[in-house]
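Shown next, in structure tokens, is the structure this report addresses.
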Amino acid sequence: MSLYKAVYSNFLNPISDKKCDFLENYALIAKKYANGYKIIKICPIKEADEFLKTKRSSEIIYLEDKICVPGFYDTHFHWVQDEVREMPKDNLLDWLSNHTWPYEAKFKSKTFAKNKSREFARKIFENGTIGGACYGSIHKHSVDTAFETFVGDYVVGNVLMTMNSPDYLLQKEHKAKELVTELSKKYKSKYAMTPRFAITTDPDTMKHGAKEAKKNSSFIQTHLSETENEIDFVMSIYKEIEGFKDVKSYTEIYDRCNLLGPKTIMGHGIYLSQKELKRLSQTRTAIAHCPTSNAPLKQKGLGSGLFDFKKASKMKIRWSLASDIGGGPYLSMLDVMNSFVAQNTKKEKGSTNYSQALFRSTLAGATLLGLEKESGNFMQGKYLSFTCLGDRPKGSSLKANEILTKIIKKSAKNRHLYQDLVEFCAYRGVNFMSKY
Ligand code: GUN
Ligand code: FE
């Protein structure tokens, strides 16, 4: 492998909600390190030609008429739900009981899990996703096989289901605890302690898991306030549980189980009181917002509602975008971005744009995972990871947001084309997917 690797292209480089740079006819030059290629120079192509002339061992990837963005981070998805993404949905709790749980039971078979994870890993990488936070099934090997097959920076956890679950998925408390202890110790900061949600995971198991996660610097992920039915059910269950009879909110239940903190990612968080939001902010707990999953039934979502990202941002809550495969029907973060912009624009014109959506699908996600110094956008010192979105739209002096709008709008006419949109994808300059 060559010592230097360069990409010649046009790059959209997300910096913040409001700022996305457009690097036109630019080069990213990277140098080989132990774990991949790191960017050492970002400059106009001409300058890169001069620089590389002096280097004996170099390789150039020519994507000069294309648009490249950083690889996507998907901070909430279930890898074991690929086949229920497009199943009929009426509401969260029925969809879980009728489709999702029976399907997740199949992952008991190691062979089935292995084959599915290989296939799923290829699919998400083809969609330009290079990292995120992922839920497996209750089975230990659903975590092991994900780590063996996924290309990118993933944290993964086995869901914990110790109560209010069907027999075929129900775990004994002590077994669930043992599994968390074992996997948290084994995978450390790559592990995510994953109570499915307060309905299916008893508080003792959650407390134990939180302790183990903290001991091993593991992440914590779960679902919070996705639908109103769910919240009612949660509150009715905990009213009967010793030590929780006086809890006032869903967030407070997790808080009492010591689940909140800077390494915790809560999925959804649509229906939260001011007090709950404040507590999430105080504890630096993050939210993964899943617009395609929360979207109306006719858009193949679960019709859960719309996360108020403005309120969350105002309260300095850390959040990023996520697909919630299979509550979310689509694998591609481009679909997630499109849905985020469409739903919020419908609610309030001008409230967001694609450039903000890109930031929340790349650098913001990497930041939630503590990877902002090595990934998430194009900067000197970060790994050479990128996703090529095909031809550069025509038109001179277009701004980043206009370029993204053109690309996404064009594909949005046929939503399933997002997968075809990504033509080339690189993770750390070492793993590649190419349609050329
Ligand atoms: N809440 C508990 N489990 C799930 C799940 O698998 N998907 C979604 N969207 N919400 C959940
Ligand atoms: Fe989910």
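One-based numbering, in listed order, for ligands and for the atoms of each.
Of the N or O atoms in Gln81, one or more lie within a sub-3.5 Å distance of an N or O in ligand 1.
The closest heavy-atom contact to atom 4 (C) of ligand 1, among the options Lys89, His223, Glu230, His268, comes from His223.
In this structure, Asp94 does not pair ionically with Lys89, as no charged nitrogen and carboxylate oxygen lie closer than 4.0 Å. Taking the charged nitrogens against the carboxylate oxygens, Glu402 and Lys406 have no contact shorter than 4.0 Å, which rules out a salt bridge. A salt bridge does not link Glu182 with Lys177: none of the charged nitrogens is closer than 4.0 Å to a carboxylate oxygen.
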How far apart are the C-alpha atoms of Glu119 and Lys116, what are their side-chain angles, what is the distance that settles it, and do they pass the salt bridge (charged side-chain N to carboxylate O under 4.0 Å, His left out) test?
CA-CA 5 Å; Glu119 180 190 332; Lys116 283 286 165 199; 3.7 Å; yes
Decide salt bridge (charged side-chain N to carboxylate O under 4.0 Å, His left out) for Asp153 and Lys190; before the verdict, give the C-alpha distance in whole Å, the side-chain angles of both, and the deciding distance to 0.1 Å.
CA-CA 9 Å; Asp153 309 318; Lys190 293 282 155 205; 5.2 Å; no
Please test Tyr135 against His76 for ring-ring contact (aromatic ring centres under 6.0 Å, His included), starting from the C-alpha separation and ending with a verdict.
CA-CA 8 Å; Tyr135 292 56; His76 179 117; 4.7 Å; yes
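Looking at atom 6 (O) of ligand 1, its nearest protein heavy atom turns out to be Arg196 NH2, 2.7 Å. The single protein non-hydrogen atom nearest to atom 7 (N) of ligand 1 is His78 NE2, 3.6 Å, given as residue, atom name and distance. In this structure, atom 10 (N) of ligand 1 lies nearest to the protein heavy atom Glu226 OE1, 2.7 Å. Of all protein heavy atoms, the one lying nearest to atom 9 (N) of ligand 1 is Asp324 OD2, 2.7 Å.
The salt bridge (Lys or Arg N to Asp or Glu O under 4.0 Å) pairs that include a residue from residues 282-294 number zero, where partners must be two or more places apart or lie in different chains.
Contact annotation for Ile199 and ligand 1: no heavy atom of the residue comes within less than 4.0 Å of the ligand. With a 4.0 Å cut-off on non-hydrogen atoms, Val159 does not touch ligand 1 at all.
Legend: protein N/O/S atoms lying under 2.8 Å from the Fe ion (ligand 2), waters omitted, number 4.
When each atom of ligand 1 is checked for a heavy atom of Leu92 under 4.0 Å away, the hits are 8 (C), 9 (N), 10 (N), 11 (C).
In this view, Asn401 and Asn353, Tyr354, Ser355, Thr405 satisfy the side chain to side chain contact (heavy atoms under 4.5 Å, CB included) rule, not counting sequence neighbours. In this structure, Thr362 has no side-chain hydrogen bond (donor to acceptor under 3.5 Å, both in side chains) partners at least two apart in sequence or on a different chain.
Summarising the local packing, NZ of Lys373 is surrounded by 12 or fewer heavy atoms from other residues, nucleotides or ligands at distances under 6.0 Å.
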